[in-house]
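Everything below concerns the one structure shown next.
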Amino acid sequence: FLQGCEIHFWRSAKRLEKNGALIPPEKVDGFEELLRELLSPVATEASFDGALHTLRKEFPRIHNWASWWVQPLVARMLFPVKKTMSEDVARSLPRTSNPVESQHSLLHHASGKGHDILAGVNGLFLHMQEMERRVKAIMGAFFCRCSWPSAHLRMFLQCRRAGILL
């Protein structure tokens, strides 16, 4: 279960506002009001569609931006009127996607960039194996210290020798 991150939505909107060719300075307040309507927890399907129509009509140069945010898979994670998960589940989840972003960052760190596809796929596979080992460790399965990256293993052994770890 994922919830969209309003912070990213608003940061993205602020970047648009900085470009006067996309959002004229005199229309920024109206732009933000339309966005607040899209995000309103009391918005109806009709008010959402009306705000979206006005947004596209008043700011035609951001059509692609708006289209990305309202595509079904994205919209149901962000906009209350489009959400498909129960309110109980939604309340139990973080309001930001930071845990997902953390994993995304780890994935990029593990797989690297600027290399050919085979090296990237290999990096993804190795990352997947490491995540699998961590899950098994959390679930109480045997965790072979030999699989730890050498720097982490050295630190673990130093801490253990110093009596910090049992």
Side-chain angles (χ1 to χ4, degrees), residues 1-135 137-138 149 151-152:
F1 295 103
L2 291 176
Q3 291 197 88
C5 184
E6 283 185 38
I7 292 169
H8 291 120
F9 179 76
W10 282 111
R11 284 182 183 164
S12 174
K14 292 295 183 189
R15 282 192 298 275
L16 293 177
E17 290 174 3
K18 289 179 182 178
N19 185 339
L22 298 175
I23 312 294
E26 66 275 6
K27 292 188 173 187
V28 166
D29 289 342
F31 175 69
E32 288 183 358
E33 184 59 37
L34 291 167
L35 299 183
R36 280 192 289 278
E37 177 61 32
L38 296 176
L39 291 166
S40 172
V42 295
T44 63
E45 199 68 50
S47 66
F48 181 91
D49 291 342
L52 182 59
H53 176 75
T54 303
L55 187 70
R56 287 180 164 158
K57 187 174 127 205
E58 293 290 319
F59 308 100
R61 292 184 172 185
I62 65 159
H63 178 81
N64 290 341
W65 177 86
S67 293
W68 189 89
W69 285 104
V70 298
Q71 62 184 314
L73 289 174
V74 176
R76 68 176 172 230
M77 290 190 293
L78 181 65
F79 303 113
V81 74
K82 299 293 184 181
K83 287 189 177 179
T84 56
M85 72 175 75
S86 75
E87 284 300 315
D88 291 337
V89 172
R91 276 192 296 277
S92 72
L93 296 173
R95 290 189 46 87
T96 72
S97 57
N98 286 341
V100 173
E101 291 165 14
S102 174
Q103 288 303 313
H104 194 223
S105 176
L106 287 173
L107 182 64
H108 278 286
H109 181 73
S111 61
K113 57 184 179 181
H115 47 65
D116 64 34
I117 188 80
L118 291 178
V121 169
N122 186 51
L124 290 173
F125 181 71
L126 293 173
H127 178 69
M128 184 261 330
Q129 287 180 319
E130 177 63 23
M131 293 296 105
E132 200 171 59
R133 281 191 291 271
R134 290 180 184 192
V135 167
I138 290 168
H152 292 141

Can you name the residues that form a salt bridge (charged side-chain N to carboxylate O under 4.0 Å, His left out) with [X], not counting sequence neighbours?
X      : result
Glu132 : none
Arg15  : none
Glu45  : Lys82

Point-to-point distance, once rounded to the nearest 0.5 Å, from [atom1] of [X] to [atom2] of [Y]:
X      : Y      : atom1 : atom2 : result
Arg61  : Asn19  : CZ    : CG    : 8.5 Å
Ser40  : Leu35  : OG    : CG    : 12.5 Å
Asn122 : His127 : CG    : NE2   : 13.5 Å
His53  : Glu58  : NE2   : CD    : 9.5 Å
Leu34  : Phe48  : CG    : CZ    : 11.5 Å

message: Looking at Ala43, is its backbone amide N or carbonyl O close enough to the side chain of Ser47 to form a donor-acceptor pair, meaning the two atoms are under 3.5 Å apart?
response: no
query: Does Thr54 use its side chain to pair, donor to acceptor, with the backbone of Gly50 at less than 3.5 Å?
result: yes
[Y] side chain reached by [X] side chain, heavy atoms, under 4.5 Å:
X     : Y     : value
Leu78 : Leu38 : no
Val28 : Glu32 : yes
Glu17 : Lys27 : no

Ignoring hydrogens, what is the shortest heavy-atom contact between [X] and [Y]? Give both atom names and the distance.
X     : Y     : result
Val81 : Thr44 : CG2-C, 3.6 Å
Leu52 : Ala66 : CD1-CB, 4.4 Å
Pro25 : Gly20 : CD-CA, 4.3 Å

Applying side chain to side chain contact (heavy atoms under 4.5 Å, CB included) to Glu33 and not counting sequence neighbours gives Arg36
Residues at least two apart in sequence or cross-chain that pass ring-ring contact (aromatic ring centres under 6.0 Å, His included) with Phe9, listed by chain then number, are Trp65, Trp69, Phe79
For Phe31, the ring-ring contact (aromatic ring centres under 6.0 Å, His included) test, sequence neighbours excluded, returns Phe59
